[in-house]
Structure formats: C-alpha cells, structure tokens
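Values reported hereafter were calculated over all heavy atoms of this structure, with side chains retained and with hydrogens, waters and symmetry mates removed. A note on names: the letters A, B, ... follow the listed sequences, proteins ahead of strands, and every chain is numbered from 1.
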Amino acid sequence: MSLQTGDFRRRYNEIKRALFDKFYSDLNERQREAVTTVNGPLLVLAGAGSGKTTVLVRRIVHIIKYGDAYNSDYVPEDADEASLLRYKYALETMTPDEIGELVLPDFRVDACRPWEMLAITFTNKAAGEIKSRLASALEGQDAFGSASEIWAGTFHSICMRILRRWGELVGYSSGFTVYDTDDTKRLISDCMRDLKIDEKTLPVKTVMNTISRAKDRLIDAEQFAAVMGDDYRGGKIAEIYKMYAARLLSSNALDFDDIIMQTVRLLTEHEDVREHYNRQFRYVSVDEYQDTNHAQFRLTSLLTGKHNNLMVVGDDDQSIYKFRGATIENILTFDSEYSDAVVIRLEQNYRSTQTILDAANALIAKNERRHGKTLWCAGEKGSKISLCELPNQIEEAKYIADTVEKLISSEGMKYRDFAVLYRMNAQSAPIEGAFAKAGVPYRMLGGLRFYDRKEIRDTVAYLSVIANPNDSVRLKRIINEPKRKIGNSAVAAAEEIAAVEGCGLYDVLTRADSYIALSRAAAAIGGFVRLIETLREFAASASVTELIDRTLELSGYREMLIAGGEAERDRLENLDQLMSNAYEYESGTEESSLTGFLEDVALVSEVDRYDETADAVVMMTIHSAKGLEFPIVFLPGMEDGIFPGMQSTSGEELEEERRLAYVAVTRAKKRIYMTRTHSRLLYGMTRFNPPSRFIAEMPSECISDETPVPEYARRQQFVKNEPPKPKYKDGAGVRVNVSKTPPPPTEYFGPGDIVHHRTFGRGEIISAVMMGADMMYEIIFDEVGTKKLMASYAKLEKA
DNA sequence: ATGGGGCTGCTTTTT
DNA sequence: GCAGCCCCAT
C-alpha cells in the first residue's frame with residue numbers, strides 16, 4: 001500500500017533525471033541522449049571526432065550499472081520525502097563522480113549483467129580500446145560484475161567463440177583452422193590448377209574476390225552456381241568455388257568469410273543455439289556500422305533476436321571499404337529496417353578547427369547517398385588549408401620534409417605531431433627518401449606485416465600441421481621447406497592418391513612406402529612424417545614457446561637460416577620475436593593452447609606497430625588513418641588520377657573516394673598541407689595529373705595557395721596545343737582555340753587529348769615532351785597499353 | 001629438384 | 001620502378 005502521490009512520483013523522477021544529467025554533464029546533449037537511450041533499436045550517426053567511442057562505452061556502462069533507470073518511471077515503494085531531500089542535497093553538493101558512484105545505483109532498474117552485453121567492433125584495436133575503457137570504468141565495482149565478462153570483440157572473434165563451442169553442428173571438428181588471405185589464395189590457385197583453368201584468363205585475385213563477395217552475401221557454392229546460370233566466366237568461378245569449399249571442409253578449415261557465414265548458418269539452422277544467445281545477449285552494440293557487409297548484418301540481427309535492443313554506431317560519410325564488401329546500405333537503411341529506431345546525430349566535433357570542418361562539410365555535401373550531417377565545433381577558426389604545387393614527386397617530398405623542419409624550428413612542434421596520409425602505398429617511397437635525406441625520423445605503416453613474413457608463415461604452418469594434420473595448405477607449404485627432397489611431382493602424386501582414395505594428404509604421406517608413385521620420395525616423406533609425429537607428441541606436453549623452439553630445431557629451419565649467414569639475420573630475429581609473442585600469449589591467457597595461439601595469429605594482427613609515443617612523423621594510407629588524429633596532416637598527391645584514382649571518377653566509386661577525402665581532412669586537428677605535382681613518376685610512367693577535383697569542392701576561402709614561384713621554368717619544356725587547362729573562374733569552360741600555330745608536319749597534342757593511331761587504335765596522351773625539333777608522346781592505348789611515340793613518325797589523329 | 005633470370009602488373013585492407 | 005612469379009636450364 002503506497003502513500004506516494006502522482007505528484008511525488010513526478011518529483012522523484014525529475015530529481016532522478018537531474019542527478020543523471022549532472023553525472024553526465026561532461027557529455028553534450030546528443031551524447032547524453034545516446035547514452036541514456038537504452039531499449040529498442042538505436043542508430044547513432046557519429047561524425048568524425050564526435051566522441052563516438054566515449055558514447056559507446058559509457059552507454060554500456062550505463063546499462064550495466066543503472067539499466068533503464070533514466071527512462072523508467074519506476075519509484076521504489078520505500079521512497080519518501082526524506083529520500084527526495086537526500087537526493088536534492090546530493091545534487092547540490094556532490095561531484096558528478098560521487099553521484100554516479102553513491103547515488104545513481106539507487107535507481108537501478110532492470111540492469112544487465114556484463115555477460116549479457118555484446119559489443120562488436122571491426123578491428124582488434126577498436127575492441128582493445130573498448131575493453132580497456134570498460135575495464136577502467138567498472139574497475140573496483142564488483143557489484144556490477146567484471147568488465148572482462150562483457151562479450152566485447154571483433155565480428156570474427158565473437159563468431160570464433162561461438163563456433164568453437166558449436167562448430168560441430170555445421171561440420172567442423174574441434175581444433176579447426178582459420179585460413180588467411182594467403183592460404184586462401186594458395187588453395188584457390190590449387191583448385192584452378194586441378195580444374196585446368198588458366199590463371200591468365202581468370203586471375204586468382206578475381207576468383208578470390210568474387211567468392212569472397214558471394215560469401216559476404218551468404219551465397220554458398222550451389223546457390224552461386226545457380227545464380228550464374230550459363231554465364232561462362234561465372235560458371236567457371238562456380239566450379240572453383242565448389243571445389244574450394246569442399247577442400248576447406250576436408251582440411252577442417254574456415255576462411256575469414258566462413259567465420260561469419262558459418263556462424264550465420266549455425267544460428268539460422270539451429271534454433272536452440274540461436275535462442276541460447278538471444279536469451280543471453282540482452283543488449284547488442286555494433287561499432288563502425290557503415291563498414292558491415294550483408295552477412296554481418298544478418299549475424300547482428302540473428303544475435304539480437306526479438307528484443308531489438310540493438311545499438312549501431314557509425315558514420316555513413318566514413319564508409320570507405322566498399323571494395324572489400326562493406327555495404328553502406330546497412331547504415332543508410334537502418335531506420336527503415338528497424339522502423340521504431342531512434343536516430344541520434346553527433347555533430348559536435350572535438351578535434352578540428354572550424355576551417356577544417358568547413359572544408360570537410362562542403363566536400364562531403366557533394367555526395368548524394370548519405371544521411372546528412374554537418375560538423376561544427378566550439379573552437380577557433382584556425383589557419384587555412386595550405387595548397388602547394390610542386391614540379392614532381394621528388395620536390396613534393398622535399399617540400400614536406402622542409403615544412404616539417406620549418407614548423408619544428410619556428411613553432412616548436414614535435415615530429416610526432418605530423419602525419420603524411422596518402423592514397424596509395426606507392427606514394428610513400430619518395431617521401432621516405434626525402435625524410436631519410438633530411439634526417440626526419442619517420443614511421444611507416446603498411447609494409448609487410450609481421451605475420452606475413454615468409455619465415456613466420458612457415459613456422460606457423462608447422463604449428464598448424466602439428467595441430468591439424470588435415471590442414472593441407474599449410475602442409476604443402478612446409479613439406480619441402482627447408483629442402484628435404486620432396487619435390488612438386490611427389491606432392492602432386494600424393495595429392496592425386498588422396499583424391500582417389502578420398503582421404504587426407506597427410507594420411508597418404510604416412511603410408512608413402514605402400515605407393516609405387518611415391519617410391520622415389522618415400523624415404524624423404526617418411527622422414528618428414530616422423531618429424532611431424534615427434535613434434536605432435538612433444539606438443540602434447542610442452543608450451544607453445546617450447547614447441548616453436550623444438551620445431552625450428554628438428555625441422556632444420558633454424559639451421560637453414562644460420563647457414564644463410566648475414567642475409568638471414570633478420571629472419572632469425574623475427575623468429576625470436578615469434579617465440580616471445582608466443583610467450584606473451586601464454587602468460588596472458590588463462591587456458592593457453594596451441595589452437596588458441598594459432599587463432600590469435602590468424603585473427604589478431606600484430607600489436608600495433610604504430611607507437612604513438614615515439615617522436616617520429618607517421619606515414620600511412622588514408623584508409624589506415626581512419627579513427628586516428630594528428631595536429632598536422634600532409635596530403636600529398638591531390639591530383640585527379642591519384643585521388644580520386646583514375647578508375648573512380650564517377651558514380652558510387654567517386655562518392656567513396658570523396659568519403660575517403662573526408663576521412664583524410666577530418667584527421668587533422670590544426671592544419672592541413674595539401675600538395676600536388678605538375679608531373680609525377682609512378683609505376684615507371686610519368687603522368688601529368690590535373691589538380692584533384694576535391695580541392696575545388698572545398699570552399700575557396702578555406703584554402704590558401706602557397707605555390708612558391710609563380711611559374712616554373714619547366715613550363716617551357718612542355719608544349720600543349722591548348723591553353724594550360726582553362727582556368728575560367730568566370731563563365732563556362734568553353735575551349736578557345738588560342739594561337740593555333742601547329743608546326744608542321746603534325747598537329748601537336750597535349751596531355752589528356754584523345755588520339756587515334758592507325759595500328760594501335762584509340763589512346764590518351766599522358767605526356768608530351770619536346771625533343772629537339774620533334775615531340776615525344778607517351779600514350780596509353782586502349783588496346784595495347786602505353787607506348788612512347790615520336791610525333792613525326794606516329795600518324796596521330798585527333799579522335 | 002633447385003636456382004636464376006626475364007616478364008608482368010599494379011588502389012585502398014581487416015579479419 | 002620494382003617485386004613477385006613463372007619458366008627454363010642445369
């Protein structure tokens with residue numbers, strides 16, 4: 001029998017919300033709304049630098065600590081006027097932190113236990129960030145449970161956790177292997193060889209990509225064949241897909257796409273498993289939702305179940321992974337997919353100056369397919385974006401190095417304040433060169449990754465075979481590494497036997513001496529099998545670290561490298577590094593195992609080589625810069641043909657490039673230096689690229705052209721038959737035929753002109769250089785590629 | 001079976 | 001311009 005009146009209840013809830021609002025006073029209103037919107041589908045459109053991770057983490061903590069207290073109207077039976085007074089006093093005197101810790105738990109309604117919370121991210125880095133922030137938010141508050149019980153991880157690690165438990169239901173026995181891109185490529189390549197499909201007519205890359213995209217869309221080999229119908233190329237790929245899938249299964253292996261796809265299959269086909277997780281995961285959040293593909297969308301909705309407590313966070317304007325299957329539709333249609341979804345926009349930016357945001361806003365506004373957001377900040381306008389044209393990529397690199405040094409000496413900046421972000425890795429070489437020459441310390445991301453090095457891959461392959469002898473891709477990788485006289489022909493023969501007998505390759509090897517086809521290599525094979533068996537026995541009782549050491553010893557791999565002398569020194573060091581990684585894994589994991597280590601190797605890329613504390617300029621692609629921020633950003637290669645790339649000059653491709661430009665610009669906190677070159681040597685070809693269209697898409701008042709000398713002498717060297725690209729600011733881009741003085745024998749052409757050649761057909765001039773009295777053209781022909789031709793010999797016509 | 005030399009081809013990348 | 005890969009010669 002409650003004595004609480006309606007008025008009391010209203011005042012109770014008012015003061016409760018005021019307490020929450022004070023607790024969240026360090027958040028802006030939108031952020032607070034996102035954190036306290038607990039039930040039902042929620043889409044948070046988080047602009048660059050808008051505190052997205054903060055919101056994600058605090059919302060999870062909010063639900064675990066307070067549940068739906070903020071929105072609920074529940075008033076406890078024993079609440080009375082005295083409690084109101086107490087709360088009012090707390091509101092006036094306590095700090096936000098004290099309120100959060102001492103008062104708000106009183107209001108707890110329907111809170112959730114940590115293991116009922118699922119938080120999915122894309123990268124291990126993001127997962128690590130979220131985990132560590134959750135850990136510190138929940139530290140020492142055991143009443144709420146431990147942050148480590150929260151299911152926070154990447155799509156792949158979450159799925160692996162599910163598959164390790166239920167994998168048998170979809171045909172995988174325990175200890176299954178994960179194939180990475182390289183393994184996948186080898187396996188597909190093998191399939192193509194066995195199907196006698198020439199890699200020249202159908203590149204492995206294409207096949208791999210097609211199969212991967214199919215898996216993204218949850219299309220299996222049979223369905224794929226059906227969809228392809230009698231399309232020749234498609235039919236061939238369908239054949240490969242079928243064989244590839246069968247071989248993966250017989251190797252007890254999954255590729256990256258399978259990890260998602262098979263989990264979806266598991267949850268679709270096994271209602272009990274699905275219900276198990278639906279009951280468990282009362283709340284689901286997905287980060288970087290703009291990068292999800294269809295399979296991940298399905299997975300999310302299967303895991304979420306009927307309660308629909310699904311929060312997705314992302315920025316449609318930062319969707320830059322279409323090429324690897326991400327579909328921006330997921331984020332664009334979330335609010336129609338979940339019709340009662342709450343949509344919250346985080347537009348206040350805490351990172352950049354207003355000038356940078358103005359430029360970014362104007363740029364991205366050119367895209368059609370977006371939810372629409374406008375970033376703003378409370379801070380200052382800041383300096384204009386600098387733009388500079390340099391003669392070539394060497395000068396461009398020098399300019400960057402000089403500017404770094406200049407700003408360090410004149411403004412006391414540190415090397416680590418600078419980032420050079422480029423569109424393509426190929427752009428990095430000259431910049432590296434200039435930094436090296438100028439003595440600028442730098443750190444480059446995106447070279448060969450640690451686990452992609454040959455010696456590491458080989459060693460990991462040994463471990464994989466020890467853990468799972470059915471893993472034929474890895475088996476083949478190491479069967480003759482180091483050389484032990486088991487050549488391709490012997491392996492091919494053994495594979496054939498395996499195919500005929502329908503057993504594994506390793507099984508055939510164990511009985512090598514009973515096959516005539518293998519008689520020549522039987523002794524060598526026997527030695528290899530004994531090696532693996534010895535190591536398997538050893539593995540049963542040894543640690544992973546010891547196993548690696550023993551493997552390198554007994555296989556002769558280490559010996560081989562030592563024999564290589566100085567040249568192989570790095571490789572030996574890398575293997576030591578692998579052993580210390582294994583050691584680290586074992587000391588940091590409760591139930592360490594060989595399978596666990598291999599899974600880490602497959603799914604966890606190396607612990608970020610990007611050391612934020614080192615005082616060095618950082619160089620990386622724009623793609624890998626997503627999510628990072630730097631005081632000063634250099635954007636070299638602001639040229640059409642580079643950025644946007646020449647194969648993305650219109651439509652969806654161009655929109656994706658523009659999003660990439662948006663990502664690039666929004667990385668900068670204080671200043672941006674854009675550069676472009678007059679001529680650029682790339683892939684051994686000199687190109688003359690016009691300025692990037694993205695420059696013109698930014699408001700001109702945001703940009704200041706710092707090109708040093710008004711005219712370079714070099715302009716004399718190049719003759720064009722048209723005025724240097726119509727600079728008409730006023731009026732339409734009408735081409736005027738100025739001073740047409742074509743010196744005989746031919747009309748001269750300039751870069752960008754489309755010409756026709758009697759034998760080579762249609763082509764585009766990419767460079768025109770005066771050589772003596774003649775002109776040398778470099779032309780990309782549609783049919784025959786690039787040719788260099790002299791004007792007087794080539795009978796070129798304007799096309 | 002192995003190693004060396006020519007030829008192609010080549011955005012972006014995490015899992 | 002360079003690297004990785006295939007083919008060929010040993």
Side-chain angles (χ1 to χ4, degrees), chain A residues 120-127 153-160 178-186 189 193 198-200 203-205 209 212 215-216 254-261 263 288 291-293 295-296 319-326 393 421-430 433 445-449 451-452 454 479-492 520-521 524 599-606 608 620-627 637 641-648 653 656-657 659-661 663-664 680-686 785-786:
Chain A
I120 311 178
T121 64
F122 258 83
T123 63
N124 293 299
K125 199 179 162 200
T154 62
F155 270 103
H156 296 264
S157 70
I158 301 279
C159 286
M160 282 300 280
V178 175
Y179 278 178
D180 68 15
T181 320
D182 182 80
D183 303 315
T184 298
K185 196 173 158 205
R186 279 164 185 265
S189 182
R193 190 201 54 209
D198 185 10
E199 288 188 17
K200 285 198 181 71
V204 207
K205 255 188 90 173
N209 228 25
S212 177
K215 289 186 174 186
D216 286 347
L254 292 97
D255 65 20
F256 285 134
D257 302 307
D258 281 333
I259 294 176
I260 313 289
M261 188 177 170
T263 311
E288 303 282 13
D291 290 334
T292 50
N293 60 36
Q296 288 158 337
S319 161
I320 53 173
Y321 286 111
K322 186 191 157 133
F323 69 92
R324 72 179 198 219
Q393 78 283 353
L421 309 181
Y422 32 81
R423 178 65 243 267
M424 293 177 290
N425 282 308
Q427 286 171 260
S428 67
L445 269 78
L448 195 56
R449 295 207 322 272
Y451 283 99
D452 286 339
K454 186 185 177 319
I479 192 165
N480 201 30
E481 190 72 49
K483 304 283 174 257
R484 47 173 74 92
K485 299 198 188 304
I486 307 174
N488 289 331
S489 50
V491 175
R520 191 182 294 230
E599 190 178 314
D600 256 31
V601 170
L603 297 181
V604 181
S605 63
E606 86 196 86
D608 257 1
M620 65 179 99
T621 62
I622 300 168
H623 279 93
S624 27
K626 199 175 86 173
I642 302 280
F643 193 22
M646 55 197 149
Q647 46 273 95
S648 355
E653 257 84 52
E656 175 130 329
E657 294 280 307
R659 290 192 289 269
L660 195 55
V663 168
R680 177 180 298 275
L681 181 65
L682 189 69
Y683 299 135
M685 274 192 308
T686 304
T786 309

Taken to the nearest whole Å, CG/A:Leu660 to C1'/B:dT13 is 12 Å

Flag the pair A:Met424 / A:Leu682 as yes when at least one side-chain heavy-atom distance between them is below 4.5 Å, and no otherwise. yes

A:Ala664 and A:Leu421: which non-hydrogen atoms are nearest, and at how many Å? O-CD1, 4.3 Å

Measure from the side chain of A:Phe256, starting at C-beta and using heavy atoms only, and say which of B:dT11, B:dG3, B:dT15 lies closest. B:dT15

Expressed as a whole number of angstroms, how long is the span from A:Lys185:NZ to C:dC6:C1'? 13 Å

Check this one for me: any side-chain N or O of A:Ser489 less than 4.0 Å away from OP1 or OP2 of B:dA1? yes

Which nucleotide, B:dT14, B:dT15, B:dT12, lies nearest any side-chain atom of A:Met424? B:dT12

Within less than 4.0 Å of OP1 or OP2 of B:dT11, is there a side-chain N or O belonging to A:Asn425? no

Of the listed B:dT12, C:dG1, B:dT15, the closest approach to the A:His623 side chain comes from B:dT12

Counting side-chain heavy atoms from C-beta on, which of B:dT13, B:dT11, B:dG3 comes nearest to A:Lys483? B:dG3

Does the side chain of A:Glu656 come within less than 4.5 Å of A:Leu660's, by heavy atoms? no

Heavy atoms under 4.0 Å, any strand shown: does A:Phe155 hit a base, just sugar-phosphate, or nothing? nothing

Taking only Lys NZ, Arg NE, NH1 and NH2, and the carboxylate oxygens of Asp or Glu, determine whether A:Lys483 and A:Glu481 approach each other closer than 4.0 Å. yes

Specify the separation, in whole Å, of atom CG of A:Asn480 and atom C1' of B:dG3. 13 Å

Using a cut-off of 4.0 Å on non-hydrogen atoms, how would the nucleic acid contact of A:Gly645 be classed: base, sugar-phosphate, or nothing? nothing

Hey, is the side chain of A:Asn124 poking within less than 4.0 Å of OP1 or OP2 on B:dT15, counting only N and O atoms? yes

Spell out, as yes or no, whether a donor-acceptor pair under 3.5 Å connects the side chain of A:His623 to the backbone of A:Ile320. yes

Roughly how many Å is it from CG in A:Asp452 to P in B:dT14, rounded to a whole number? 10 Å

Does B:dT12 adopt a syn or an anti glycosidic conformation, taking syn as a chi angle within 90° of 0? anti

Any stacking of A:Tyr683 on B:dC10, going by centres under 5.5 angstrom and planes within less than 30 degrees? no

State whether the number of non-hydrogen atoms from other residues, nucleotides or ligands found under 6.0 Å of A:Arg193 atom CZ is greater than 12. yes

N/O (side chain, A:Thr181) to phosphate O (OP1/OP2, B:dT15) under 4.0 Å: no

So what does A:Asn488 touch, heavy atoms closer than 4.0 Å: a base, only the sugar-phosphate, or nothing? sugar-phosphate

Residue A:Glu199, side-chain atoms from C-beta onward, closest of B:dT12, B:dA1, C:dC6: C:dC6

Roughly how far apart, to the nearest Å, are B:dT13 and C:dG4 at atom P? 16 Å

Does B:dT11 have OP1 or OP2 sitting under 4.0 Å from an N or O in the side chain of A:Ser648? no

In whole angstrom, what separates A:Gln427's CD from B:dC10's C1'? 14 Å

Rounded to whole Å, the NZ-P distance (A:Lys205 to B:dT13) equals 12 Å

Roughly, in whole Å, what's the span from CG in A:Leu682 to P in B:dG9? 17 Å

Let me know the distance between CZ of A:Arg423 and P of B:dT13, rounded to the nearest Å. 8 Å

